[in-house]
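Step one of this worksheet: look at the structure below.
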Amino acid sequence: MKYNTIPENVRKELGPVIAKGVKNIFSELFQANILEQNEVHEIYNDQMVCIGRLQQNDMIIDIRFFFGRELLHPLLLNIYSEDFLKENNVYEDAASEIVNILCGQIKAFMNTNGFNLEMLSPRIGGADEAGKDSDAFLNVGFSLNQRDGFMIDMETKPTN
Amino acid sequence: MDYYYQSLKILVVDDHMMMRTMVKQHLQSLGFNDVETANDGQEALDELHHAHSIGNPFNVVFLDWHMPNVEGYDVLKACRSKNEFNHTAFIMLTAEQEEKNVLKAIQAGSTSYLVKPVSKEAIEKNMKKIFEWLKKKTSTPQSNTK
């Protein structure tokens, strides 16, 4: 069952807020050109998901960033050496920071619309945690340099 | 002036390796060579106290807000409660962008506030402002009261 207490007018604006935020993050951090895609990006088994959480008394919002290492690899080569990329959890770390920044932008937007959300630290999961069967109410697809696709989705849940 | 400006001792505190590395690389490309990093708030406090105790204090601290162990905001409050960090500039560099949190940080003694993602140009612009703040500070005698 879908749990959604976000008013329709706020929900309508969330897609553009996410799209603008993601483009801004990739542009400022990596000087990378991100395009929004109409079709929802397919989730592959070798992909990872980084989940950011916003929470208030009665509601949890999960923001999920589905990505493959090949998306971040060329971008991270501007920061780290190839050898360093092989040996460290740099993909997970980078994805967490991207989600962290995006969650900060979404939280600011939501809280100016009457919410009282706090932000929790992002965590990394497997692609099996969500996808086609999830209760996501919003999916936004992107591509990097018209090649590597990735997706952001959002799901709301009641707090226990 | 340039020598002193680029010889500022800087600490970058962030629990994300990518942000620590990027900010350090940006600063180094701007000519700042004395840049160290800390992974969380507790490590930052340890580094700040150690540097002060050996007479080589940090001039500028870039501080993330949300971190494990001790949050950046708590590092800021702890440091501003002590005279020894009166001449240290604290720059909050965080994903927190709500006005209430910006005000909270400024009231707690943050010298400047930058919202992530941040470009090298924004860091450079901010460092020039911070340098002016430090020049004013060093021309003002340090207070003896807490």
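Only a predicted model underlies this, so the values are computations on that prediction, with no experimental measurement involved. Every heavy atom of this structure was used, including side-chain atoms; hydrogens, water molecules and symmetry mates were not.
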Who among Glu28(A), Gln105(A), Glu97(A) has the most heavy-atom pairs with chain B under 4.5 Å? Glu97(A)
Answer yes if Phe131(B) and Ile123(B) sit in the same cluster of Ile, Leu, Val, Met, Phe, Trp and Tyr residues linked by side chain heavy atoms under 4.5 Å apart, and no otherwise. yes
Going by side chain to side chain donor-acceptor pair (under 3.5 Å), name the residues that satisfy it together with Glu92(A), two or more places apart in sequence or in a different chain. Arg69(A)
Filtered by a 4.5 Å non-hydrogen cutoff, the part of residues 15-51 of chain B contacting chain A is Asp15(B), His16(B), Met17(B), Met18(B), Met19(B), Thr21(B), Met22(B), Gln25(B)
What part of Tyr91(A) lies closer than 4.5 angstrom to a heavy atom of chain B: side chain, backbone, both or neither? neither
Chain B contact via Phe109(A) - side chain, backbone, both or neither, heavy atoms under 4.5 Å: neither
Shared ILVMFWY cluster between Met59(A) and Leu14(A), side chains joined below 4.5 angstrom? yes
Per-residue contacts, residues 66-76 of chain B versus chain A, heavy atoms under 4.5 Å: His66(B)
Do Ile34(A) and Ile25(A) sit in the same hydrophobic cluster, where Ile, Leu, Val, Met, Phe, Trp and Tyr count as joined when their side-chain heavy atoms come under 4.5 Å apart? yes
Shared hydrophobic cluster, Leu75(A) / Ile101(A) (ILVMFWY, side-chain heavy atoms < 4.5 Å): yes
Can you tell me which portion of Ser96(A) sits under 4.5 Å from chain B's heavy atoms? Options are side chain, backbone, both or neither. both
Can you say whether Leu102(A) sits under 4.5 Å from chain B via the side chain, the backbone, both, or neither, judging by heavy atoms? neither
When you group the ILVMFWY residues by side-chain heavy-atom contacts below 4.5 Å and let the links chain together, are Leu85(A) and Phe30(A) in the same group? yes
Sorted by number, residues from residues 90-117 of chain B in contact with chain A (heavy atoms, under 4.5 Å): Ala95(B), Glu96(B), Gln97(B), Glu98(B), Lys100(B), Asn101(B), Lys116(B), Pro117(B)
